[in-house]
Visitor: 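After the structure tokens below, expect a handful of questions from me.
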Amino acid sequence: MTTEEKSLNFIEEIVEKDLAESTHGGRVLTRFPPEPNGYLHIGHAKAICLNFGLAKKYNGRCNLRFDDTNPTTEETEYVDSIKTDIQWLGFQWDEELYTSDYFEKIYNFAVALINKGCAYVDDSTPEEIAATKGSTTEPGKNSPYRDRTVEENLRLFAEMKEAKYEDGVKVLRARIDMAHPNLLLRDPAIYRIKHAHHHRTGDTWCLYPLYDFAHGQSDSIEEITHSICTLEFIHHRPLYNWFIEQLGIFPSRQYEFARLNLTYTVMSKRKLLKLVNEGYVTSWDDPRMPTLSGMRRRGYPPEAIRNFCDTIGVARRENMIDLSLLEFCVRENLNKTSDRVMVVLDPVKLIITNYPEDAEDIFDAENNPETPNGTRQVPFSRELWIEREDFMEVAPKKYFRLAPGKLVRLKSAYIVQCEGCLKDDNGNVTEIHCTYLPESKSGNDTSGLTVKGTIHWVSAKHALKAEVRLYDRLFKVEDPSNEEGDFKDYINPGALEVLPEVYIEPFLKDAVPGNRYQFLRKGYYCADKDSTGEKLIFNRTVTLKDAWAKEMAK
RNA sequence: AGUCCGAUUGUGUAACGGUAGCACAACAGACUCUGACUCUGUUUGUCUUGGUUCGAAUCCAGGUCGGACUACCA
């Protein structure tokens, strides 16, 4: 073991500096703050690994806090899925908290602000507020209600709380500077009236704080030491600090990192919701989705996702990660952990002409050559199913599989020599005929032959049937959000191909949802949640790398 | 246009004033009862112009390019 140190990312550097200077008495407290208005995706995984990882690494704690300040979009279903996904990823929060639990405290913060003359009730319409906001080049204009007295503001704000006004009639604004170059500091709205049922507080409130007056305040209440968010909130930081200063509350500090972008993927919750609602995918956990629930169902192991997040790093520049890196991490994990089985996806019959009609062999096949964990029994007989692509009547020079006169090893069984094939009227191969070499029996080979190719097979008489769902990338282009027109125009129609009947070896009959396998030479597959003892269904997680396919493509 | 961020090979990410390294991808080869895995090797990089310095990817200044911001969303 070398003493090579893993370099720190910029946030770890900040934390270590704070620790060294005892900024918070050696305390590290982070939080993961999802809004319960959608399912978690791989981008969230990066934030989860960062926040929980920091807490773990520096002996700190990490809270799960639901940022539930917008009752019209938030639901309990999302709360539940978020908790499930975080735990599945392998993390456990210290406390489960809700911004809605702080509504009373946050309301009092607003009152304090009014008392300081730092907030006022504005009767302007949303349109009027937008119109007087100014622009990047023009300063904004003061609202005619900006100079109301503290007493009047206090009374009006109390009336807002007492449901005296309809939605949108009044809003509470911070009183900062309508000419500020940062548009967010031009008297931002901090409380709006919303007569809506909240998933936790019910009908207790009819006014709710906005993000800028809820998130930072929650951080302070919890005494979060490092409040980590994505780059788009960078402009909010001055506001975040302004409120802390005005209110004199715990000085949490905000740090921003670049969110994850993945090729051939969209990551915004708005777009993902659209895919679900408009039926482009079947659900949030459709295996084509970049959601954690989708990836789980597809068969991605949580370790692989964590390792991926570790590999991509954390920085402040915009990035676009190759999907192939995620797939590499998935294969790397699955290669070590999943049992090998034989499944024929596109079958053609192979008949061993010199093998007796009624004879059978039972072979012991290795389950996993990478991390040996025993063998399983695989039955063999005269008629087998093999992949159609493993035979060519006229083969190129570097083709190692079956062709008239050529020899291949049937994995874990015998070497066979191809004698020829039968075809139908359209010229399609219907049967391949071979002879086998009895002395080439696997594990006991005295034939002295070495063959270049090994193919997988399933005994026709023992084969079971299953449905297989072949998944591929959801989009045809690397960056669907950056293309002309609607991102949905770039959906890959081949992202799901269903093979209703493939042949599987008997060993698989006990597969239960969530079980992962390597289908030898084909890829990694996972028993779907729809799979039953009656009808087995497998999802393709990811293919194996295929040097031959690459060669053929040239 | 104003403010704020950022810029290291195809993609990410290190190097914290002193040898530009690592991973993925690509390519070539070895090995193989998975054309997988593994192993070996190869190609490609400091946005630009100045300055500071014995020495700059790193510090400073100007430029260029990219991104973000003008929701009663988060």
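In what follows, chains are A, B, ... by sequence order, proteins preceding strands, each numbered from 1. Computed over heavy atoms, backbone and side chain alike; hydrogens, waters and symmetry mates excluded.
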Visitor: Step by step, work out the salt bridge (Lys or Arg N to Asp or Glu O under 4.0 Å) result for A/Arg200 and A/Glu74.
Guide: CA-CA 10 Å; A/Arg200 298 192 87 236; A/Glu74 297 156 3; over 6 Å; no
Visitor: Could you state the atom-to-atom distance from OH of A/Tyr208 to C1' of B/A74 in whole Å?
Guide: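 In whole Å, B/A74 C1' and A/Tyr208 OH are 16 Å from each other.
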Visitor: Given the C1' atoms of B/U44 and B/A20, what is the spacing between them in whole Å?
Guide: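 Here B/U44 and B/A20 have their C1' atoms 14 Å from each other.
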Visitor: Scan A/Ser324 against the nucleic acid and name what it touches under 4.0 Å (heavy atoms): base, sugar-phosphate only, or nothing.
Guide: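 Since only primed, P, OP1 and OP2 atoms lie under 4.0 Å of A/Ser324, the category is sugar-phosphate.
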Visitor: Looking at A/Glu389 and A/Lys522, does any basic side-chain N land under 4.0 Å from a carboxylate oxygen?
Guide: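 Yes, this pair counts.
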Visitor: In whole Å, I'd like the distance from the NE2 atom of A/His198 to the C1' atom of B/C73.
Guide: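 A/His198 atom NE2 is separated from B/C73 atom C1' by 14 Å.
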Visitor: Is the closest basic N to carboxylate O distance between A/Glu256 and A/Arg237 below 4.0 Å?
Guide: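 Salt bridge flag = yes for A/Arg237 with A/Glu256.
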Visitor: Give me the distance, rounded to whole Å, that separates B/U42 from B/C54 when you measure between the P atoms they each carry.
Guide: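 These two P atoms come out 37 Å apart once rounded.
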Visitor: Does any N or O donor sit under 3.5 Å from an N or O acceptor when you compare the side chain of A/His236 with the base of B/A74?
Guide: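 Looking at the base of B/A74, it does pair with a donor or acceptor on the side chain of A/His236 (distance under 3.5 Å).
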Visitor: Within a strict 4.5 Å, meaning less than it, do heavy atoms of the A/Phe380 and A/Ile352 side chains meet?
Guide: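 Yes, close enough: below the 4.5 Å cut-off.
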Visitor: Go through the side-chain N and O atoms of A/Asn70 and A/Glu35 and say whether any donor and acceptor fall under 3.5 Å apart.
Guide: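 No, because no side-chain N or O of A/Asn70 sits under 3.5 Å from a partner of the opposite role on A/Glu35.
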Visitor: For A/Met178 and B/U70, what is the distance between atoms CE and P respectively, to the nearest whole Å?
Guide: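 Going from A/Met178 (CE) to B/U70 (P), I get 14 Å.
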Visitor: In whole angstrom, what separates A/Ile129's CD1 from B/C72's P?
Guide: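 Rounded to the whole Å, the gap is 6 Å.
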Visitor: Pick from A/Lys133, A/His180, A/Arg146: which one makes a side chain to side chain donor-acceptor pair (under 3.5 Å) with A/Asp187?
Guide: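 The side chain to side chain donor-acceptor pair (under 3.5 Å) with A/Asp187 is passed solely by A/Arg146 among A/Lys133, A/His180, A/Arg146.
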Visitor: Roughly, in whole Å, what's the span from CG in A/Leu183 to P in B/A1?
Guide: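 Those two atoms, CG and P, are 16 Å apart.
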Visitor: With rounding to whole Å, what would you report as the distance between B/C16 and B/U58 at their P atoms?
Guide: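 Each nucleotide's P atom is 13 Å from the other's.
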Visitor: Using the C1' atom as the reference point in each nucleotide, state the distance between B/A56 and B/G51 in Å, no decimals.
Guide: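 It works out to 11 Å between them.
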Visitor: Expressed in whole Å, how much space separates the P atoms belonging to B/U13 and B/G55?
Guide: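 32 Å, rounded to whole Å.
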Visitor: Tell me which nucleotide among B/C73, B/U3, B/C72 gets nearest to the side chain of A/Pro181.
Guide: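 My answer, after comparing the listed nucleotides, is B/U3.
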Visitor: Could you check whether A/Lys194 gets within reach of a base, just the sugar-phosphate, or nothing at all, counting any heavy atom under 4.0 Å?
Guide: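 Result for A/Lys194 = sugar-phosphate.
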Visitor: For B/C73 and A/Arg192 - does any side-chain N or O of the residue sit under 4.0 Å from the phosphate oxygens OP1/OP2?
Guide: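 True: A/Arg192 side-chain N/O within range (under 4.0 Å) of B/C73 OP1/OP2.
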Visitor: Taking the same atom, C1', in B/U64 and in B/A71, what whole-Å distance lies between them?
Guide: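 Nearest-Å result for B/U64 against B/A71 at atom C1': 33 Å.
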Visitor: Quick one: A/Leu272 CG to B/A74 P, roughly how many Å, whole number?
Guide: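 Nearest whole value for this atom pair: 19 Å.
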Visitor: Can you confirm whether more than 12 heavy atoms, excluding those of A/Lys141, are under 6.0 Å from its NZ atom?
Guide: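 Atom NZ in A/Lys141 is not packed in, count stays at 12 or less.
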Visitor: Does this structure show an ion pair linking A/Asp361 with A/Lys441, if we count only N-O contacts that are shorter than 4.0 Å?
Guide: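 A/Lys441 and A/Asp361: salt-bridged.
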Visitor: When the C1' atoms of B/A30 and B/A15 are considered, how many whole Å apart are they?
Guide: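 After rounding to an integer number of Å, I get 33 Å for this pair.
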Visitor: Got a list of protein N/O to nucleotides 11-15 of chain B N/O distances below 3.5 Å?
Guide:
residue, atom, partner, partner atom, Å
B/U11, O3', A/Met320, O, 3.0
B/U11, O2', A/Met320, O, 2.6
B/G12, OP1, A/Met320, N, 2.8
B/G12, O5', A/Met320, O, 3.4
B/G12, O2', A/Ile312, O, 3.1
B/U13, OP2, A/Arg317, NH1, 2.7

Visitor: Could A/Lys170 and A/Glu159 be called an ion pair, given the rule that one side-chain N must be under 4.0 Å from one carboxylate O?
Guide: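 Salt bridge flag = no for A/Glu159 with A/Lys170.
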Visitor: Ignoring backbone atoms, test whether A/Lys550 places a side-chain nitrogen or oxygen under 4.0 Å from the OP1 or OP2 oxygen of B/C27.
Guide: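 Yes.
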Visitor: Give one of base, sugar-phosphate or nothing for A/Ser124, where a contact means two heavy atoms less than 4.0 Å apart.
Guide: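 Base: the residue A/Ser124, judged by heavy atoms under 4.0 Å, touches a nucleobase.
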Visitor: To the nearest angstrom, how far is A/His235 atom NE2 from B/U3 atom P?
Guide: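 The answer, rounded to whole Å, is 12 Å.
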Visitor: Between the side chains of A/Glu77 and A/Tyr39, does any donor sit under 3.5 Å from an acceptor?
Guide: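 Yes, A/Tyr39 and A/Glu77 have a side-chain donor paired with an acceptor closer than 3.5 Å.
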Visitor: Quote, to the nearest angstrom, the C1' distance that separates B/C73 from B/A14.
Guide: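 Between the two C1' atoms, the distance is 37 Å.
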Visitor: Pair A/Arg521, A/Glu387 - check salt bridge (Lys or Arg N to Asp or Glu O under 4.0 Å), show working.
Guide: CA-CA 11 Å; A/Arg521 301 207 302 138; A/Glu387 298 289 347; over 6 Å; no
Visitor: When the distance from CD of A/Glu128 to C1' of B/C72 is rounded to whole Å, what number comes out?
Guide: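 It works out to 13 Å between those atoms.
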Visitor: In sequence, state the C-alpha distance, the side-chain angles, and the governing distance for A/Arg253 and A/Asp18, and then conclude on salt bridge (Lys or Arg N to Asp or Glu O under 4.0 Å).
Guide: CA-CA 11 Å; A/Arg253 287 287 169 257; A/Asp18 284 338; over 6 Å; no
Visitor: Looking at A/Arg173 and A/Ala119, would you say the former's side chain and the latter's main chain have a donor-acceptor pair under 3.5 Å?
Guide: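 Between the backbone of A/Ala119 and the side chain of A/Arg173 there is no qualifying donor-acceptor contact (under 3.5 Å).
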Visitor: Report yes if a side-chain nitrogen or oxygen of A/Thr69 is closer than 4.0 Å to either non-bridging phosphate oxygen (OP1 or OP2) of B/A74; otherwise report no.
Guide: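 It does, given that an N or O in the side chain of A/Thr69 lies less than 4.0 Å from OP1 or OP2 of B/A74.
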Visitor: Any protein N or O atoms within reach of nucleotides 29-38 of chain B? Criterion: under 3.5 Å, listing atom names and distances.
Guide:
residue, atom, partner, partner atom, Å
B/C33, O4', A/Thr454, OG1, 3.3
B/C33, O2', A/Lys411, NZ, 3.3
B/C33, O2, A/Ser412, N, 3.0
B/C33, N3, A/Ser442, OG, 2.5
B/C33, N4, A/Arg409, NH1, 3.3
B/C33, N4, A/Ser442, N, 3.4
B/C33, N4, A/Ser442, OG, 2.5
B/C33, N4, A/Gly443, N, 2.8
B/U34, O2, A/Gln518, OE1, 2.8
B/U34, O2, A/Arg521, N, 3.1
B/U34, N3, A/Gln518, OE1, 2.6
B/U34, O4, A/Arg340, NE, 2.4
B/U34, O4, A/Arg340, NH2, 2.9
B/G35, OP1, A/Arg521, NH1, 2.9
B/G35, O2', A/Ala547, N, 3.3
B/G35, O2', A/Trp548, N, 3.4
B/G35, N7, A/Arg401, NH1, 2.4
B/G35, O6, A/Phe400, N, 2.8
B/G35, N1, A/Lys398, O, 2.9
B/G35, N2, A/Lys398, O, 3.3
B/C37, O2', A/Asn335, ND2, 3.0
B/C37, O2', A/Glu370, OE1, 3.2
B/C37, O2', A/Glu370, OE2, 3.2

Visitor: Let me have RNA chain B in dot-bracket notation, would you? Count Watson-Crick plus G-U wobble pairs, both distances under 3.5 Å, and use [ ] for pairs crossing earlier ones and | for inter-strand partners.
Guide: .((((((..((((....[..)))).(((((.......)))))....(((((..]....))))))))))).....
